[in-house]
There are 4 protein chains.
Amino acid sequence: MAEDRNDKKTAIAATAVRLFTERGFHGTPTSLIAREAGVSNGTLFHYFPTKEELINFAYYEIKSRMAGEIGGGVEEERTDREKMWRMWRNAILWGVDHPDEYLFVQQFCSSPFIRKLPPEEILKNAPAAFEVLAGTIEKSCLKGMPIEVAFSVICSPIDAVVRSIVNSDGDLDRDRLIDTSFGIVWRGLTGE
Amino acid sequence: MAEDRNDKKTAIAATAVRLFTERGFHGTPTSLIAREAGVSNGTLFHYFPTKEELINFAYYEIKSRMAGEIGGGVEEERTDREKMWRMWRNAILWGVDHPDEYLFVQQFCSSPFIRKLPPEEILKNAPAAFEVLAGTIEKSCLKGMPIEVAFSVICSPIDAVVRSIVNSDGDLDRDRLIDTSFGIVWRGLTGE
Amino acid sequence: MAEDRNDKKTAIAATAVRLFTERGFHGTPTSLIAREAGVSNGTLFHYFPTKEELINFAYYEIKSRMAGEIGGGVEEERTDREKMWRMWRNAILWGVDHPDEYLFVQQFCSSPFIRKLPPEEILKNAPAAFEVLAGTIEKSCLKGMPIEVAFSVICSPIDAVVRSIVNSDGDLDRDRLIDTSFGIVWRGLTGE
Amino acid sequence: MAEDRNDKKTAIAATAVRLFTERGFHGTPTSLIAREAGVSNGTLFHYFPTKEELINFAYYEIKSRMAGEIGGGVEEERTDREKMWRMWRNAILWGVDHPDEYLFVQQFCSSPFIRKLPPEEILKNAPAAFEVLAGTIEKSCLKGMPIEVAFSVICSPIDAVVRSIVNSDGDLDRDRLIDTSFGIVWRGLTGE
DNA sequence: AATGAATGAGCTTTCATTCAT
DNA sequence: AATGAATGAAAGCTCATTCAT
């Protein structure tokens, strides 16, 4: 029973994520989400009182899953460079492996919806990675800059890399692109 | 008469850009655009047969204005570093000075509309800057990567910087952020 | 519940038929149909996804009801003359008794909508009457003509009679007009 | 100059007739008529203050041309039968030769527009043919029926024949169909 | 919990008509 | 006489949301 409940809610959220990324928020009617999730129109609104709450729920779900995977294996690395490289690589690979979710999150972040969320929420979900990154920034020429500004400047190439790989037909050398892009940022920051 | 015509068309396009960035494509009814532009509903469709054409028109207009300004003064600089720095600065300042237009272009680029445009068009509009950038890439560790991939990876921090400045309350040191972000990328690419 | 459903759908279709004949397809907005049927605008589109489907549905409904009544009592008549007279009379009386439906069907047949329907469908619905008519034609001077051509030539006065009666103020001798018009066609065909 | 005027008015009316029959009254915007007639939108409304007046004008134009041709050669025939046969043939051939105009007139007659015209107008335009027909009716079993009722009942096969020929792919024996249909009606009326 | 019929505000787009030039 | 930009009232249709069952 509890599983049924979760099943339906999960089915709706998963379907929503897929359709939102395929067609955009506004291009995806709730009725279509319900139909493709195999539930009735009313059931969707039983679990998510408004469309906006469905969007938010899907966003948080994905974001926390993503944050968990980005931090995976970071602590096992020794040097800061290796820790941050691991994170860099994790982030890109997650985006490449979950293009739907990835694009959904990006879409969410650049839509009017984001303004309704407390901004600090967005960085908090990846604690391990956050520490490493913050430490690196403090030793770099970005020292003193607001942390979220430095963070977004440094990490912005991740997004470019993910999109490039996703849009390519598989003929792009992923590993080289990941390492090269990381190398540029790391050398830029530290001189090493 | 010719001015009247341009006036109305221009008024519609400008109003559209403002509202689109404030509320998104789908959140902005054509009726609202018309009302705020001070014309009738029918007049909007007299100049732009569909909403999509209005969006495209606005995009091209802005894109070409932006490209022109990004290339401004590049040729007067001597070294490659200075040329590219000039471009970097121009791009960021344009985004900061025209936040509506800037966000509109970004929104356009990550929406389904972009797929209907020939992809080569998007880079062509800034020829001078394009040359410098391409030259720099060829001498860097990105050598051999598809040009548009290298391009987007390198320029991605520009977007992060613009957004940071626009979202800040003016208490951010623009010049330092521009120079620092450029410094990171340049050192990352060239080791200098 | 099943009745409710039928009630609403039926109410919409009946209202549509009335308004279409009074004002034409194009002169009848869906909003008016909904209002006069006592349902909301959305409900109409819940049952009929497009206006065209509403028109088609109404047409098929009426056509099959009409065909059933035209064939009524034909088999109980003995001679061919009596069978065909019965059919002739039935057809005219149906048109006179259901002027809305009758004019609607005529309007439908001379509109672009009809072209989307398989043409053989139109004759098939009155099998008994069809047999008699076909037999009569084969013995007449129309022998060898395409059946639907002969059919339409012979039956065309039915339409004229219906319209005359409907447009008159009730001071027309119906029975005489029915018998006379039939007599002309029968004598014209058979010489009897 | 006077010719210019007529030219434009005529061009508009002729274009209107063609488009109305191809697409229906409601399916033909005035702007399309103007464009295809090679005049501006405003010019159309200069000559025809409303769309309805344009429709009426076109109807009268065609109707009088048609009536003239239907009566052609009738007086040269000797017997009543021959006169009426000539008229019958003329009517059908005109419809077949001018399918656009013919269908336009039919469309007009079965549309709401017709109710705004004085009904006697419709028969008056073919005086010679009218006389013969009236005489024949008076000698037939239709004697005493209102003239326009008798008229429409008798002439209804003309419409069926025209439509059959127009819709056929040219593989219909026109002359036989004309003669046969006339024969049925004439024999039905007179017993000859 | 689950359904899906019902709602009605709102959307993009059309088009007969007007009017300044 | 001729133009065509401008108008704004509809039109068909969508969709988030409600509610009786």
Side-chain angles (χ1 to χ4, degrees), chain A residues 1-2 4-5 7-9 25-35 38-54, chain B residues 1-2 4-5 7-9 12 26-35 38-54, chain C residues 1-2 4-5 7-9 12 26-35 38-54, chain D residues 1-2 4-5 7-9 25-35 38-54:
Chain A
M1 210 46 113
D4 274 6
R5 197 177 305 168
D7 276 2
K8 293 216 165 155
K9 197 169 182 182
F25 297 142
H26 291 280
T28 308
T30 52
S31 57
L32 179 63
I33 298 171
R35 199 183 317 132
V39 302
S40 80
N41 220 328
T43 300
L44 187 149
F45 282 90
H46 177 69
Y47 288 110
F48 303 98
T50 65
K51 189 183 188 182
E52 194 172 330
E53 291 195 39
L54 172 55
Chain B
M1 204 193 276
D4 274 5
R5 201 177 301 171
D7 275 0
K8 294 224 161 141
K9 198 171 183 182
I12 292 167
H26 292 280
T28 308
T30 52
S31 57
L32 180 63
I33 298 171
R35 199 182 318 130
V39 301
S40 80
N41 220 326
T43 299
L44 187 150
F45 284 90
H46 179 69
Y47 287 110
F48 304 99
T50 64
K51 190 182 186 182
E52 193 172 330
E53 289 195 41
L54 171 55
Chain C
M1 203 194 275
D4 275 6
R5 202 175 300 169
D7 275 1
K8 293 225 161 140
K9 198 171 182 182
I12 293 167
H26 292 280
T28 308
T30 52
S31 57
L32 180 63
I33 298 171
R35 199 183 318 129
V39 301
S40 79
N41 220 324
T43 299
L44 186 149
F45 284 93
H46 178 68
Y47 288 110
F48 304 99
T50 63
K51 191 182 185 182
E52 192 172 332
E53 290 195 39
L54 171 55
Chain D
M1 219 26 126
D4 275 5
R5 198 178 303 171
D7 276 0
K8 293 216 164 154
K9 197 170 183 182
F25 296 143
H26 292 279
T28 308
T30 53
S31 57
L32 179 63
I33 298 170
R35 199 183 318 130
V39 302
S40 80
N41 220 329
T43 300
L44 186 149
F45 282 88
H46 177 70
Y47 288 112
F48 304 98
T50 66
K51 190 182 186 182
E52 194 173 329
E53 291 196 37
L54 171 55

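So you know, we letter chains A, B, ... as the sequences are listed, proteins then strands, and number each from 1.
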Inset, instruction - Verify the contact: side-chain N or O of D:Tyr47 to OP1 or OP2 of F:dA1, cut-off strictly under 4.0 Å; return yes or no. - result: no

Legend entry - Phosphate OP1/OP2 of E:dT12: any B:Thr30 side-chain N/O under 4.0 Å: yes

Closest to side chain of [X], choosing from [options]:
| X | options | value |
| --- | --- | --- |
| B:Ser31 | E:dC11, E:dT18, F:dT17 | E:dC11 |
| C:Lys8 | E:dA16, F:dA1, E:dT7 | E:dT7 |
| C:Thr50 | E:dT13, F:dA2, F:dC13 | F:dC13 |
| D:Phe45 | E:dA16, F:dC15, E:dG8 | E:dA16 |
| A:Val39 | E:dT3, E:dA5, F:dA16 | E:dT3 |

Legend entry - F:dA1: pairing nucleotide in any strand, Watson-Crick or G-U under 3.5 angstrom: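 The base-pairing partner of F:dA1, which may sit in any strand shown, does not exist here.
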
Inset, instruction - Name the pairing partner of F:dA9, where a pair is Watson-Crick or G-U wobble with both distances under 3.5 Å, or state none. - result: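 E:dT14 is the nucleotide pairing with F:dA9.
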
In whole Å, what is the span from the [atom1] atom of [X] to the [atom2] atom of [N]?
| X | N | atom1 | atom2 | value |
| --- | --- | --- | --- | --- |
| B:Arg35 | F:dA6 | CZ | C1' | 18 Å |
| B:Glu52 | E:dC11 | CD | C1' | 16 Å |
| C:His26 | F:dA10 | NE2 | C1' | 15 Å |
| D:Glu53 | E:dA16 | CD | P | 15 Å |
| B:Leu54 | E:dT13 | CG | C1' | 14 Å |
| B:Leu44 | E:dT14 | CG | C1' | 13 Å |
| D:Asp7 | F:dA2 | CG | C1' | 15 Å |
| B:Asn41 | F:dA11 | CG | P | 15 Å |

Legend entry - Upstream residue (5' side of DNA chain F) when C:Thr28 and B:Thr43 are each assigned their closest nucleotide: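 That would be B:Thr43.
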
Inset, instruction - Specify the residue among D:Ser40 and A:Pro49 whose closest nucleotide of DNA chain F lies further upstream toward the 5′ end. - result: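 Upstream on the strand: D:Ser40.
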
Legend entry - Point-to-point distance, once rounded to the nearest 0.5 Å, from CD1 of B:Ile12 to CD1 of B:Ile33: 9.0 Å

Inset, instruction - Quick one: pull up CZ in D:Arg35 and CG in D:Leu32 and give me the separation to the nearest 0.5 Å. - result: 5.5 Å

Legend entry - Upstream residue (5' side of DNA chain E) when D:Lys51 and B:Gly27 are each assigned their closest nucleotide: B:Gly27

Inset, instruction - Please figure out whether A:Gly42 or A:His46 has its closest DNA chain E nucleotide nearer the 5' end. - result: A:His46

Inset, instruction - Could you tell me whether the side chain of C:Leu54 reaches within less than 4.5 Å of the side chain of C:Thr30, counting heavy atoms only? - result: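 A side-chain contact is absent here, since even the closest heavy-atom pair is not under 4.5 Å.
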
Legend entry - Close side-chain approach of A:Tyr47 to A:Val39, heavy-atom, < 4.5 Å: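 Not touching, per the 4.5 Å side-chain cut-off.
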
Legend entry - Closest approach of A:Lys51 to A:His26 (non-hydrogen atoms, all atoms of both residues):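 Nearest heavy atoms, A:Lys51 then A:His26: NZ-CA, 4.3 Å.
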
Legend entry - Quiz item: cation-pi between A:Lys9 and A:Phe48, 6.0 Å / 45°: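 Yes, A:Lys9 and A:Phe48 form such a contact.
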
